[in-house]
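Each ligand, and each atom within it, is numbered from 1 in the order the structure gives.
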Amino acid sequence: MQTDVLIIGCGIAGATAAIQLARDSLRQITIITRAEEAMDSNSSYAQGGIVGRGPDDTVELLEEDILTAGAGLSYPPAVKLLAKRGPELLHEVLIGQAGLEFDHDEQGNLIMGLEAAHTRRRILHVGDGTGEAIMKGLLRTLSGIANIKLLSKHTVVDLITFPHHAADPLAVYKPLTCHGAYVFDQEMRQVVPILARQTILATGGIGQIFLNTTNPTGARGDGVAMAYRAGANIINAEYVQFHPTALSSTDATKFLISEAIRGEGGILLTPQGKPFMEKYAPEWKDLAPRDIVARGIYSEMVDHGYPYVLLDIASHRPAEYIRERFPHIYAHCLKQNIDITHTPIPVVPAAHYFCGGVQVDLTGRTSIPNLYAVGEVSCTGVHGANRLASTSLLEGLVWGVQAAEDIRAQSPVALLNDHDIPEWNDSGLIYEPDPNLIQGDMHSVRNLMWHYVGLVRSEYRLNRAIRDLRQQWLDIEEFYRKTRLSDGLIGLRNSVQTALIVAYAAHRNRDSRGCHYREDSHPQAKTATSPEASNVKLSGGLQ
Ligand SMILES: Cc1cc2nc3c(=O)[nH]c(=O)nc-3n(C[C@H](O)[C@H](O)[C@H](O)COP(=O)(O)OP(=O)(O)OC[C@H]3O[C@@H](n4cnc5c(N)ncnc54)[C@H](O)[C@@H]3O)c2cc1C
């Protein structure tokens with residue numbers, strides 16, 4: 001199969017790139033998702049909103065806020081690009097092309113929300129379901145465009161790169177280039193090579209490599225792993241942002257409990273009902289910055305063997321107020337038989353956002369020619385060591401457009417034929433993909449990452465993690481080579497690979513900074529979450 005541009009992933013970043021590329025009607029675009037429904041992505045889960053430009057706001061003020069949150073590691077040109085183009089593209093693409101209606105007042109003025117560590121009101125939202133509304137708008141637009149083909153239930157196995165996949169042995173003398181991807185059709189249970197002039201990775205985050213995460217099941221680091229295998233640069237992989245409060249449940253995806261609950265007076269308690277945040281942040285207590293609260297909860301759980309801690313809003317606000325202020329959280333918890341107007345909420349910290357990823361420039365180009373990366377899978381440098389709330393949807397939008405514009409400005413790149421690459425060889429596969437084994441191994445990876453490469457890291461734990469993950473990686477690779485493919489097996493292979501990438505990066509970097517915390521931190525390292533180094537304040541932001 002051939003296409004002009006292959007886009008892997010159908011969240012905000014991939015869908016935006018597809019719509020912009022399709023403006024040239026002769027260009028054929030294929031966008032694929034491993035999910036059954038194209039709506040199933042991290043983008044649809046986003047609650048709080050997306051950064052716009054407030055009435056008393058400027059490009060420079062937004063830049064400053066992002067740079068402060070990034071704890072000295074954000075890449076200034078990328079931040080400038082996001083702050084300048086982002087709010088303009090939000091109007092042009094989301095409101096203009098996708099027809100989105102953000103919340104507005106009776107006079108029709110957009111309502112700008114304030115979120116943690118933003119110095120201005122600038123967050124646009126659609127209730128507390130902003131991501132869902134954005135994705136509905138983008139997918140509606142996309143489905144009406146003739147030169148875009150959307151394939152769901154298709155999982156990319158690996159990128160096709162030369163010289164690695166070249167049928168011609170002399171290609172070994174040529175530079176590394178990308179020519180599409182090998183794609184597993186889940187219904188036909190076969191691998192189809194899709195050859196493309198350019199390939200855009202838009203596979204989202206990695207939250208599922210941790211036991212507790214707010215990310216849906218597809219966020220398992222597939223893009224990071226396949227880009228790494230292809231030889232692309234991966235950077236800042238130690239910077240994984242953890243959210244302090246997700247609903248404790250047996251679900252693989254933990255429901256996010258907004259920090260606004262603590263902003264409105266909610267107090268964290270041990271399962272025995274004792275407040276504990278004073279121990280970790282005497283001056284701020286429950287209103288301490290996100291990382292400190294997350295680590296406080298984590299320490300209580302680990303030190304005392306608690307499966308969760310409690311978050312009590314019921315004792316501090318009237319029932320009617322809680323129902324009105326937090327309708328979504330109230331309704332979700334009630335479905336789990338937790339009435340938050342009467343009972344404290346069991347919460348755990350959870351992996352939330354990947355600040356690192358495949359290194360890209362301002363146009364989304366990776367270190368491999370013809371391969372782009374956009375959205376959470378990429379590292380543009382915007383987020384540095386920590387992400388400012390509500391900037392990730394905007395980053396996906398901006399780099400989706402930047403990559404599309406860069407491709408549109410180029411003269412056509414050669415398109416290969418099937419005989420240029422070897423056929424997918426699935427002879428000699430002796431096992432069926434046993435879901436028990438896959439789930440068991442996946443659980444081990446997630447468990448190990450949570451305990452040894454989680455919120456609080458140390459040399460000793462990281463050494464253990466690397467040793468155990470390497471063994472698991474070897475076992476899983478061997479199993480992979482002898483087993484018929486399934487989406488779960490592809491995900492397992494990518495998860496263990498991504499887990500190793502994160503663990504190695506966390507091991508290499510002994511300085512605590514932003515969301516990477518080493519308890520055996522280098523003495524000179526200044527942590528961005530110590531009171532004097534942080535201006536992170538708690539506000540009503542959901543994200
Ligand atoms: C609970 C929650 C709340 C959030 N709230 C906010 C918020 O308020 N504001 C904000 O800015 N950000 C928020 N975020 C972060 C934000 O949602 C994500 O960073 C962003 O949506 C990522 O978009 P993306 O397009 O890069 O990836 P995604 O939206 O995750 O899309 C990834 C796509 O890749 C596909 N894919 C993955 N692997 C493969 C494969 N091997 N083959 C084929 N397809 C594949 C998936 O199926 C999916 O279509 C939130 C995240 C979560 C989880």
Below 4.0 Å from ligand 1: does a non-hydrogen atom of [X] turn up there or not?
X    : result
H243 : no
S390 : yes
I50  : no
N215 : yes

Note to self: Before you tell me yes or no, could you show the steps for S486 and I438 under side-chain contact (heavy atoms from CB on, under 4.5 Å), namely the whole-Å CA-CA distance, both residues' side-chain angles and the distance that decides it to 0.1 Å?
What the structure shows: CA-CA 10 Å; S486 70; I438 292 171; 3.9 Å; yes

Taking 4.0 angstrom as the limit and counting only heavy atoms of [X], give me the atoms of ligand 1 inside it, by number and element.
X    : value
G48  : 8 (O)
S41  : 28 (P), 29 (O), 31 (O), 48 (C)
R387 : 10 (C), 12 (N), 13 (C)
T391 : 11 (O)
G375 : 26 (O)
M226 : 41 (N)
A13  : 25 (O)
H154 : 42 (N), 43 (C)

Is it the case that ligand 1 has an N or O less than 3.5 angstrom from some N or O of [X]?
X    : value
C10  : yes
T214 : no
Y353 : no
L393 : yes
R34  : yes
R220 : no

Going by heavy-atom distance to [atom], choose the closest among [options].
atom                    : options              : value
atom 38 (N) of ligand 1 : I12, I32, D222, V157 : D222
atom 9 (N) of ligand 1  : A202, S392, G49      : G49
atom 29 (O) of ligand 1 : A350, G491, S43      : S43

Item checked: S258 side chain reached by E264 side chain, heavy atoms, under 4.5 Å ->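 No; the side chains remain at least 4.5 Å from each other.
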
Next item on the list: Indicate yes or no: at least one non-hydrogen side-chain atom of I50 is less than 4.5 angstrom from one of I123.
Entry: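 Counting from C-beta outward, I50 and I123 never come under 4.5 Å.
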
Next item on the list: Enter the distance from K136:NZ to E132:CD here, rounded to the nearest 0.5 Å.
Entry: 4.0 Å

Using only heavy-atom distances, determine whether the side chains of [X] and [Y] contain a donor-acceptor pair under 3.5 Å.
X    : Y    : answer
T380 : E395 : yes
Q186 : E36  : no
D251 : T253 : no
R493 : Y480 : yes
H125 : T130 : no

Check: Any Lys/Arg nitrogen of R262 or E259 sitting under 4.0 Å from an Asp/Glu carboxylate oxygen of the other?
Finding: yes

Margin query: Once side-chain contact (heavy atoms from CB on, under 4.5 Å) is applied, do any residues pair with P193, and if so which ones, sequence neighbours excluded?
Written below: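 For P193 the side-chain contact (heavy atoms from CB on, under 4.5 Å) partners, ignoring immediate neighbours, are I160, Y182, I421.
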
Check: Where on Q47 is there a heavy atom closer than 4.0 Å to ligand 1, on the side chain, on the backbone, on both, or on neither?
Finding: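 Within the 4.0 Å criterion, Q47 contacts ligand 1 through backbone atoms alone.
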
Next item on the list: Identify, with sequence neighbours excluded, every residue that meets salt bridge (Lys or Arg N to Asp or Glu O under 4.0 Å) alongside D426.
Entry: none

Note to self: Before you tell me yes or no, could you show the steps for L151 and M1 under side-chain contact (heavy atoms from CB on, under 4.5 Å), namely the whole-Å CA-CA distance, both residues' side-chain angles and the distance that decides it to 0.1 Å?
What the structure shows: CA-CA 13 Å; L151 297 175; M1 186 174 156; 4.1 Å; yes

